[in-house]
S.K.: 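Handing you a structure now.
Proteins come first, then strands; the chains are lettered A, B, ... in the order of their sequence lines, and each starts at number 1.
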Number of protein chains: 2
Amino acid sequence: MSARGSVLPILPTPRLDLPAPDVTAPVGLAALIADPTRAGILAMLRSGPHCVCEMAAALGERQNNVSMHLARLRDAGLVRASRHDADARWVYYERDEEACAAAATALDGLLR
Amino acid sequence: MSARGSVLPILPTPRLDLPAPDVTAPVGLAALIADPTRAGILAMLRSGPHCVCEMAAALGERQNNVSMHLARLRDAGLVRASRHDADARWVYYERDEEACAAAATALDGLLR
DNA sequence: CATATACATCAGCGCGGATTGACACACTCC
DNA sequence: GGAGTGTGTCAATCCGCGCTGATGTATATG
């Protein structure tokens, strides 16, 4: 572990008045992704729309839990829901690619 | 909310044998960023190395907590630590830009 | 109408992770 | 050596978040 000491001051001169960066947006988005079920949902929806029971079966989670996580992703605007035309009991979800791209950009802004 | 129904099958045909995507890596990275203190640390370190007391003061957190979060970021390889040459009591942290870029790529892979 | 299916919502509980408070370690200066 | 400073570590506690179990809503079928 050797930091390039050249950028450090000759003597330790800690600044105690530095501003706190605003990270509420990326932190909120990261919290959404930091759950295996929600992340699995977003990953599955890359291959196109899926109904709730499909995702619940693939992820090994109960339907109501998947529904809860989908609600959080919906509130964040990352996914959209729509009932099937032929049988409106089935709700198909798809990603909002623009919102997902914006989220990726926000997270990228923190790490890059 | 209107999904482009054209991609949906005419009749609802749920597939219950879809594979569960592996999202362990992005989920773990997101969990790291999903904390305001750790995200604030990563944001502050974009402007160059900082010692622990600087970041604790700026973030309004106690020094030992910041130390804990820095340890987690260290274990993940996102930051490096090095003692100051003139006064080795001060530990300066800096980002591992390669690791941060890799993390950004992993998260981007989920959202894009 | 009644029944069945697919999904949504809710109170309650349990567990993991962050904070607290105290202490240990490393280093500098006297 | 001893005192002071900056940082790291750890048990105990607190607290938010997801899961469970049950119930509610919407739609389809007979």
Side-chain angles (χ1 to χ4, degrees), chain A residues 1 3 8-16 23 27-28 30-41 49-76 79-94, chain B residues 1 3 8-16 27-41 49-76 79-94:
Chain A
M1 70 169 174
L8 296 182
I10 307 301
L11 288 178
T13 54
R15 294 191 51 189
L16 302 178
V23 290
V27 164
L32 275 179
I33 305 179
D35 178 87
T37 302
R38 287 193 295 268
I41 289 172
H50 289 288
C51 60
V52 180
C53 66
E54 275 181 343
M55 294 186 281
L59 300 172
E61 291 292 327
R62 304 203 335 186
Q63 176 268 324
N64 58 344
N65 291 334
V66 174
S67 231
M68 285 290 299
H69 290 299
L70 282 167
R72 301 214 20 201
L73 294 174
R74 251 189 298 128
D75 294 342
V79 303
R80 281 187 301 262
S82 65
R83 293 189 177 271
H84 195 282
D85 292 332
D87 191 333
R89 284 176 299 185
W90 305 74
V91 177
Y92 278 76
Y93 280 86
E94 65 178 349
Chain B
M1 68 167 176
L8 293 181
I10 307 301
L11 288 178
T13 55
R15 293 191 51 190
L16 301 178
V27 165
L29 291 169
L32 275 179
I33 304 178
D35 179 87
T37 302
R38 286 194 293 269
I41 289 172
H50 289 288
C51 60
V52 180
C53 66
E54 274 181 343
M55 294 186 280
L59 299 172
E61 290 292 327
R62 307 201 333 185
Q63 177 269 323
N64 57 345
N65 290 336
V66 175
S67 230
M68 286 287 301
H69 290 298
L70 281 168
R72 303 220 9 207
L73 294 174
R74 251 190 299 126
D75 294 343
V79 301
R80 279 188 300 261
S82 64
R83 295 188 174 271
H84 195 283
D85 291 333
D87 191 334
R89 283 175 301 184
W90 305 74
V91 176
Y92 277 75
Y93 281 85
E94 64 177 349

S.K.: Write down the distance between CG (B:L70) and C1' (D:dT7), rounded to a whole number of angstrom.
M.R.: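 Going from B:L70 (CG) to D:dT7 (C1'), I get 10 Å.
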S.K.: What about B:R74: does its side chain form a donor-acceptor pair under 3.5 Å with the base of D:dG8?
M.R.: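 Check fails, no donor-acceptor contact within cut-off.
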S.K.: Under 3.5 Å, is there a donor-acceptor pair between the side chain of A:R38 and the main chain of A:L32?
M.R.: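 The answer is yes, because a donor-acceptor pair under 3.5 Å joins these two groups.
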S.K.: Regarding B:D35, tell me which of base, sugar-phosphate or nothing describes its non-hydrogen contacts under 4.0 Å with the strands shown.
M.R.: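 Since only primed, P, OP1 and OP2 atoms lie under 4.0 Å of B:D35, the category is sugar-phosphate.
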S.K.: Apply the test side chain to side chain contact (heavy atoms under 4.5 Å, CB included) to residues B:D35 and A:V27: give CA-CA distance (whole Å), side-chain angles for both, the deciding distance (0.1 Å), then the verdict.
M.R.: CA-CA 6 Å; B:D35 179 87; A:V27 164; over 6 Å; no
S.K.: May I have the distance from A:L16 (atom CG) to D:dT5 (atom C1'), rounded to whole angstrom?
M.R.: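 My rounded result for the distance is 13 Å.
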S.K.: Between P on D:dG24 and CD on A:Q63, what's the gap in Å once rounded to a whole number?
M.R.: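 These atoms are roughly 16 Å apart.
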S.K.: Looking only at the side chain of A:A88 (C-beta and beyond, no hydrogens), which of the listed nucleotides D:dA28, D:dC17, C:dA8 gets closest?
M.R.: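 Given the options D:dA28, D:dC17, C:dA8, the side chain of A:A88 is closest to D:dA28.
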S.K.: Can you find a side chain N or O atom of A:H69 that sits less than 4.0 Å from OP1 or OP2 on D:dC17?
M.R.: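 Checking A:H69 against D:dC17: no side-chain N or O falls below 4.0 Å of OP1 or OP2.
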S.K.: Starting at the 5' end of DNA chain D and moving along, which residue's nearest nucleotide shows up first, A:H84 or A:A31?
M.R.: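 Per heavy-atom nearest nucleotide, the more 5' residue is A:A31.
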S.K.: Check this one for me: any side-chain N or O of A:R89 less than 4.0 Å away from OP1 or OP2 of C:dA4?
M.R.: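 So the side chain of A:R89 is outside the cut-off, no N or O lying under 4.0 Å from OP1 or OP2 of C:dA4.
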S.K.: Which whole-number value in Å describes the distance from B:L73 CG to D:dG8 P?
M.R.: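 Distance, rounded to whole Å: 12 Å.
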S.K.: Report the nucleotide, chosen from C:dA18, C:dC7, C:dT19, that has the shortest atom-to-atom distance to any side-chain atom of B:R72.
M.R.: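 Taking heavy atoms from C-beta onward, the closest nucleotide is C:dA18.
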S.K.: In whole angstrom, what separates B:R83's CZ from C:dT28's P?
M.R.: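 These atoms are roughly 9 Å apart.
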S.K.: When you measure only distances, ignoring hydrogens and angles, does the side chain of A:R62 come within 3.5 Å of the base of D:dG21 through a donor and an acceptor?
M.R.: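 Under the 3.5 Å cut-off, the side chain and the base do form a donor-acceptor pair.
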S.K.: From the list C:dT9, C:dA18, C:dT19, which nucleotide is the closest neighbour of the side chain of A:M68?
M.R.: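 Shortest atom-to-atom distance from the side chain points to C:dT9.
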S.K.: Quick one: pull up OH in B:Y93 and OG in B:S67 and give me the separation to the nearest 0.5 Å.
M.R.: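 B:Y93 OH to B:S67 OG: 5.5 Å, rounded to 0.5 Å.
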S.K.: So what does B:D87 touch, heavy atoms closer than 4.0 Å: a base, only the sugar-phosphate, or nothing?
M.R.: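 Sugar-phosphate contact only - B:D87 comes under 4.0 Å of backbone atoms but never of a base.
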S.K.: Could you state the atom-to-atom distance from CG of B:N64 to C1' of C:dT19 in whole Å?
M.R.: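 One finds 8 Å between C1' of C:dT19 and CG of B:N64, rounded.
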S.K.: Write down the distance between CG (A:N65) and P (C:dC7), rounded to a whole number of angstrom.
M.R.: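 Distance, rounded to whole Å: 14 Å.
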S.K.: Do the side-chain N or O atoms of B:Y93 get closer than 4.0 angstrom to the phosphate oxygens (OP1, OP2) of D:dG8?
M.R.: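 Yes.
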S.K.: Ignoring hydrogens, what is the shortest heavy-atom contact between A:D87 and A:H84? Give both atom names and the distance.
M.R.: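 Scanning both residues completely, I find the closest heavy atoms to be O-CB, 3.3 Å.
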S.K.: Between B:E54 and A:R15, is the closest basic N to carboxylate O distance under 4.0 Å?
M.R.: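 A salt bridge is absent here (no side-chain N lies under 4.0 Å from a carboxylate O).
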S.K.: What integer distance in Å separates B:D75:CG from C:dG17:C1'?
M.R.: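 Distance check: B:D75 CG to C:dG17 C1' gives 15 Å.
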S.K.: Let me know, please, whether B:S67 or A:R38 comes out on the 5' side of the other along DNA chain D by nearest nucleotide.
M.R.: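 Its nearest nucleotide lies further toward 5', so the answer is B:S67.
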